[in-house]
J.: 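There's a structure below that I have some questions on.
Chain naming here is simple, since letters A, B, ... match the order of the sequence lines and numbering starts at 1 in each.
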There are 2 protein chains.
Amino acid sequence: MENTYKLGKKMKNKDVFVEKLRSSGLRPTKQRIQISELLFDRKNTFHFSIDHLNNLLKKKTKIKVSLATIYNTVHAFKKKGYLKEILINREKSYFDTNTSDHHHFLNVKTNELIDLKNEDVEKIKIKKNLPGKKIKSIEVIVKVENSN
Amino acid sequence: MENTYKLGKKMKNKDVFVEKLRSSGLRPTKQRIQISELLFDRKNTFHFSIDHLNNLLKKKTKIKVSLATIYNTVHAFKKKGYLKEILINREKSYFDTNTSDHHHFLNVKTNELIDLKNEDVEKIKIKKNLPGKKIKSIEVIVKVENSN
DNA sequence: AATATAATTTATAATGATTCTAAAGTAGTG
DNA sequence: CACTACTTTAGAATCATTATAAATTATATT
């Protein structure tokens, strides 16, 4: 999420998100702006579940955002390519603000996810190919646990 | 699932499963035997959901097996190491009769799974390691779609 | 072979994440 | 300001899965 400039002055984060939303054909409502700030105004990748985001909204913000809106917004962002869904268990959906191709460590005890940079994984070579099919993506999950 | 011999005579499949169940501390009920035959009496790996197994039982067998028993049995088999769960989407659980370490192709349109033999994937090398953690498993899903 | 026991099956209810619905609220346009 | 389309919202509906508790069955015991 790099910052942009307008009339020579640094834009406020809020304005960045308003523009981003508008340019995506999404009206910049206060709910969407608030969620954008929580999700994208960070240095590092953020992994979260709906539940997690709901708690963050309750804790860190004044405005009330209904669960339905959280679902709507997260799905809208996913559709626009601002979020990626990650499958780690069947109970809950998890999302990732890093939408580039990359893999994950998964702590099986805590369900905590950690990004693996592309240079951290040697290129994966699939030697078999299925006739009439093409590879769309390759996803690796490295499950880890305490080594004590 | 290799066959074994008893008193010089080839055992019936049913007997094989009765023994397998008993040796696992599971009573060989007709439901469990029936499910074992459907799942394990095959040449190839079998990938299925509970729903799929339920339909098979209705179609191919005389006895009635309740949904609850199907869930119980599949979980018992998983616990005993006879089945492996695979995460391909959040709507349903999928299981695999191939419990060895291996990866999968996933047809994103049909949710069909195809095993990748170990020799079909070049060994995956993770160059980063997390302090205090050890790798438990590495799972690769290669998503494919029609190449037309 | 009948009985006692503990395990298993079953129908049904409960759970919980997600989706749907339709009414009330809000942003953008003129 | 007024209009229209888009959004938000509370609450209901859905659907896979799990829990419950009563009936059934496998196995050990007599």
J.: May I ask you to check whether Ser24(B) and Tyr82(B) show a side-chain donor-acceptor distance below 3.5 Å?
T.: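 The criterion, which ignores hydrogens and geometry beyond distance, is satisfied for Tyr82(B) and Ser24(B).
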
J.: Rounded to whole angstrom units, what separation is found between the CD1 atom of Ile70(B) and the P atom of dT18(D)?
T.: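 Whole-Å distance recorded here is 14 Å.
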
J.: Check the orientation of His75(A) and Phe95(A). Use parallel for under 30°, tilted for 30 to 60°, and perpendicular for over 60°.
T.: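 It falls in the perpendicular class, over 60°.
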
J.: Just checking Asp101(B): does its CG atom have more than 12 heavy atoms from other residues, nucleotides or ligands closer to it than 6.0 angstrom?
T.: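 Not buried by this count: 12 neighbours or fewer within 6.0 Å.
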
J.: Can you find a side chain N or O atom of Gln31(A) that sits less than 4.0 Å from OP1 or OP2 on dT9(D)?
T.: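 Gln31(A) to dT9(D) OP1/OP2: side-chain N or O found under 4.0 Å.
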
J.: Ignoring backbone atoms, establish whether Lys92(B) has a side-chain N or O less than 4.0 Å from OP1 or OP2 of dC15(D).
T.: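 Looking at the OP1 and OP2 atoms of dC15(D), neither is under 4.0 Å from any side-chain N or O of Lys92(B).
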
J.: For Ser93(B) and dT17(D), is the shortest distance between a side-chain N/O and OP1 or OP2 below 4.0 Å?
T.: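 It does, given that an N or O in the side chain of Ser93(B) lies less than 4.0 Å from OP1 or OP2 of dT17(D).
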
J.: Using a 4.0 Å heavy-atom cut-off across all strands, classify Arg32(B) as base, sugar-phosphate, or nothing.
T.: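 It contacts sugar-phosphate atoms only.
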
J.: Hey, which of these two, Tyr94(B) or Leu26(A), hits DNA chain D nearer its 5' end, going by closest nucleotide?
T.: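 Result of the comparison: Leu26(A).
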
J.: Between P on dT18(D) and OH on Tyr71(B), what's the gap in Å once rounded to a whole number?
T.: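 Going from OH in Tyr71(B) over to P in dT18(D) covers 7 Å.
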
J.: If you take all heavy atoms of Pro28(B) and Leu21(B), which pair is closest and at what distance?
T.: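 That closest heavy-atom pairing would be CA-CD1, 3.8 Å.
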
J.: Please report the distance, rounded to the nearest Å, between CD in Glu91(B) and P in dT18(C).
T.: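 Spelled out: CD on Glu91(B) to P on dT18(C) is 10 Å.
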
J.: Can a side-chain donor-acceptor contact be found between Asn98(A) and Ser100(A) if the only test is distance below 3.5 angstrom?
T.: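 On atom types as modelled, these side chains qualify, holding a pair under 3.5 Å.
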
J.: From CG of Asn89(A) over to C1' of dT18(C), roughly how many Å is that when rounded to an integer?
T.: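 Spelled out: CG on Asn89(A) to C1' on dT18(C) is 14 Å.
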
J.: Map Arg90(B) and Thr69(B) onto DNA chain C by nearest heavy atom, then report which one ends up closer to the 5' terminus.
T.: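 Looking at DNA chain C, the more 5' nearest nucleotide goes with Thr69(B).
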
J.: Nearest whole angstrom, please: distance from the P of dT18(C) to the NE2 of His52(A).
T.: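 His52(A) atom NE2 is separated from dT18(C) atom P by 14 Å.
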
J.: Name the closest nucleotide to the Pro28(B) side chain, picking from dT18(C), dA10(D), dA26(D).
T.: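 Nearest nucleotide to the side chain: dA26(D).
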
J.: In terms of side-chain heavy atoms of Thr73(B), which of dT9(C), dT8(D), dT18(C) is nearest?
T.: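 So the nucleotide nearest the side chain must be dT9(C).
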
J.: Hey, does Asn72(B) reach any base, or is it just sugar-phosphate, or nothing, if we go heavy atoms under 4.0 Å?
T.: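 Base contact - Asn72(B) has a heavy atom under 4.0 Å of at least one base atom.
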
J.: Taking any heavy-atom pair under 4.0 Å as a contact, classify Thr29(A): base, sugar-phosphate, or nothing.
T.: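 Sugar-phosphate only.
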
J.: Tell me whether the side-chain N/O atoms of His75(B) come closer than 4.0 Å to OP1 or OP2 in dT17(D).
T.: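 So the side-chain polar atoms of His75(B) never come under 4.0 Å of the phosphate oxygens OP1 or OP2 of dT17(D).
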
J.: Of all the choices, dT9(D), dG28(C), dA7(C), which nucleotide is nearest to the side chain of Arg27(B) once you look at every atom?
T.: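 Between dT9(D), dG28(C), dA7(C), the one nearest the side chain of Arg27(B) would be dA7(C).
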
J.: CG of Leu53(A) versus P of dT18(C): gap in Å, rounded?
T.: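 Rounded to the whole Å, the gap is 12 Å.
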
J.: Rounding to an integer number of Å, can you tell me how far Lys30(B) NZ sits from dA26(D) P?
T.: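 About 7 Å, once rounded to whole Å.
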
J.: Rounding to an integer number of Å, can you tell me how far Arg22(B) CZ sits from dT27(D) P?
T.: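 Whole-Å distance recorded here is 5 Å.
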
